[in-house]
Amino acid sequence: MRYLHSLAFRLTLLYAGIFALCFAAVFGIFYFMMETDLNRWVDEELREGVKDIRRAYEISGIEGVRRILDREASVEEGRFLGRIVDGDGAVMYETEGALKDIPLSLELANAASSGVEKNESIWMEGDRIRTIYTPLENGIFVQIGLPPSEHEIWMQDFSRDLLKVGLIAVIISVGVGVLLARRSLLPVREMARMSSGISALSLGKRMPVSGQSAELDQLAVSFNSMMERIDTLVKGIREVTENLAHDLRTPIAGIRGLAEITLNGNRTSDEYKLTLYQIMERMDCLLSVCNSVLDESEADAGALALNWETVSITELCSGIIQTFEPVAADAGQKLSSSISSGLMIKGDRGRLFQVLANLVDNAVKYTPAGGTILLYADRSTSGNEVVMIVADTGAGIPEKDLPHIFERYYRGEKIRCGSGTGLGLPLVQGIVKAHGGQVMVRSEVGKGSMFLVVVPVDEEHVSCELSSASQTDDDPQTHFEFAETHS
Amino acid sequence: MDKTIHILMVEDDRQIADFVSRGLREEGYKVDIAMDGIEGLRLGRKAIHDIMILDIMLPGMDGLKILECLRSEKINAPVLILSAKRSVSDRITGLQAGGDDYLVKPFAFAELLARVKSILRRVGGGQEPIRLEVSDLAIDLLGRRASRGEEPIDLQAQEFRLLEYLARNSGRVVTRTQILQNVWGYNFNPATNVVEVHICRLREKIERPGKPQLIRTVRGAGYILAENP
């Protein structure tokens, strides 16, 4: 019964069904109208006869009626019924001929006996006989009947033919329906065939866009764009996995080598201890890389769990300054800051520290000796967000890299402890997004970079007016700060 | 220690169970190990343990369930929960189920030991130390002050935290990564030499010429704060 669920079958059925229904309706209406017309014509003829009968009855009574009936019967060559019935329902006289077998309707006879004229159509041997019951006197009535006229016979033949043609048309419509359904569903079947042929190995395949059907083309286009996204994701996953495995090999091999060399030859117990300490540190570092990968992956999936509390951005920033001021000084840089007091937001303190620490850490790394790093924090003009800026006078980011710096592993850096993991910026973005905020970057090669972090003060203000702090060049605040950094 | 502390460890990962029990035994504790949930519950019901270390994901019966059963039977030995789940809500679930502390795998043994000691101090009515001493370096944990001999040392908040961490682990090497995680929090893997620079600053403040060096570098590994070389 699988074909019952096939769209083509159901379309065909629907098509033929609707066609048959329409035809039946048209035929029915046509037949009804025709019958009404014909009845009217025959009834008029019958009434003429009735007039003659009445006149004859008035002149010469029942005998006159009988004569009229006989005359009519002979004129119509036996294709006529004339019947005189008395008040008790007994036939007093009837004409000879084929129509003698027409029965007397009791209901109509009763009506006619009580003086009401009645008409009736009777089917006899495929012909429609129209009869009229007309009362005379004392319950006596006359029934006369006429066979179908030539018009009527022709009309009946015609409608019979019409019915046959209609049936043939319905059968043809089923065939046409099958063809149409198959033809219009052909591209759908083709799509199904193609999409089932797509596997992880052939993600490059695309649906052809035929240009013949807007709906199916739309389907093909959206299917293709979905494939595009899947392709990118799968490639990304593959790349990340390969990079990770590849990058982890180096430090792991290093650890192994360290153990091997220590075991080569006799060492003092202090030397063994040192090796174990070194292995411990390298392992700790690998663990923290794994944690970063997990963090970043959670952030990427939007599943980063935050420990919400009230966080003083002012205190957080001074912690960052305390952490990095000596580092910058050691690298011959100046770390200056401009931090408003009393900046409070709802967020995860540790994660926000991670954001600023990563940005400042990067700034210190990429700024040469003699350069300046600025940490700035203030409310936005609307007061609904806190804006944090980390700017440096470092190497800057080439324009072609700028759109990609928040992508995982974009820098293609090897995972090495003590030099960042290439996971910093994507994680920064993930954390800020989890806070309902936004990270923006502006950079010029040779002049420096500026990272702008906008975080809503609390959840109610999430997504409020974030666009107002977007990276438009005419934003006076950011422009000013950027300019100051380079002065 | 007047009486040997008896620890029950319920952990299905043999490697972890091995290194933790070895470490704890070396610290002088008596350790029972259960490799699955049912065995864990059976041992726990004996009510002979001073502290339990419970993994959450266990064959047979999960750690939270064991904890629930034991608590309903009025076995109130403190529990340290171990779990591979890192999220805040998992921690909260664990603590709400009656756990006294929560440690995320993988962990450093020193971290586990510190938690165990801290829990034991708490339930034993003992107090957290308020003063740490290494040679003539004294650290006042309540007043957040440090001094070398009679001479006070002026430390920034972060420098104090760094010194405190080294002092709490005195005599033991702490790795650079451990310092980063414990002093600066979270998982922060910097590209710059944050730890080195801060250790250097701290040395300038606490070391005195002519006196033995307290903070020593363990090349390629980390640092140790100790009295004797």
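Hydrogens, waters and symmetry mates play no part in the numbers below; they use all other heavy atoms, side chains included. Just so it is clear: chains get the letters A, B, ... in the order the sequence lines come, proteins before strands, and each one is counted from 1.
Chain B is approached within less than 4.5 Å, heavy atom to heavy atom, by A:L274, A:Y277, A:Q278 from residues 259-278 of chain A, ordered by number. Listed by sequence position, B:Q156 are the residues of residues 139-156 of chain B in contact with chain A, using a 4.5 angstrom heavy-atom cutoff.
Within a 6.0 Å radius of NZ in A:K433, other residues, nucleotides and ligands contribute 12 heavy atoms or fewer. Within 6.0 Å of the CE atom in A:M283, the count of heavy atoms belonging to other residues, nucleotides or ligands does not exceed 12. Counting non-hydrogen atoms of neighbouring residues, nucleotides and ligands closer than 6.0 angstrom, the CE atom of B:M57 reaches no more than 12 such neighbours. Atom NZ of B:K30 has 12 or fewer neighbouring heavy atoms from other residues, nucleotides or ligands inside a 6.0 Å radius. Remark: A:R256 CZ is loosely packed, at most 12 non-hydrogen atoms of other residues, nucleotides or ligands lying under 6.0 Å away.
For the set B:V218, B:V183, B:T175, B:V174, the count of heavy-atom pairs under 4.5 angstrom toward chain A peaks at B:T175. Comparing A:L306, A:L304, A:D330 by how many heavy-atom pairs each has under 4.5 Å with chain B, the most go to A:D330.
One side chain, A:T323 or B:Q158, offers a donor N or O that lies under 3.5 Å from an acceptor on the other.
Within the 4.5 angstrom heavy-atom criterion, no atom of A:L258 approaches chain B. Of the atoms belonging to A:A329, it is side-chain heavy atoms, and not backbone ones, that fall under 4.5 Å from chain B. Neither the backbone nor the side chain of B:A108 has a heavy atom closer than 4.5 Å to any heavy atom of chain A.
For the pair A:R282 and B:R176, the minimum side-chain heavy-atom distance is 4.5 Å or more. In this structure, B:T192 and A:F324 have side chains that are in contact, with non-hydrogen atoms separated by less than 4.5 Å. Contact annotation: the side chain of B:E196 never approaches that of A:V327 to less than 4.5 Å [non-hydrogen atoms, C-beta and beyond].
Looking only at distances, no side-chain donor or acceptor of B:Q178 sits under 3.5 Å from a matching main-chain atom of A:D284. For the pair A:E281 (side chain) and B:G222 (backbone), a donor-acceptor distance under 3.5 Å is absent.
The structure places CZ of B:F109 at 11.5 Å from CE of A:M280, a figure rounded to the nearest 0.5 Å. Atoms OG1 and CG, on B:T177 and A:L287 in that order, are 8.5 Å from each other to the nearest 0.5 Å.
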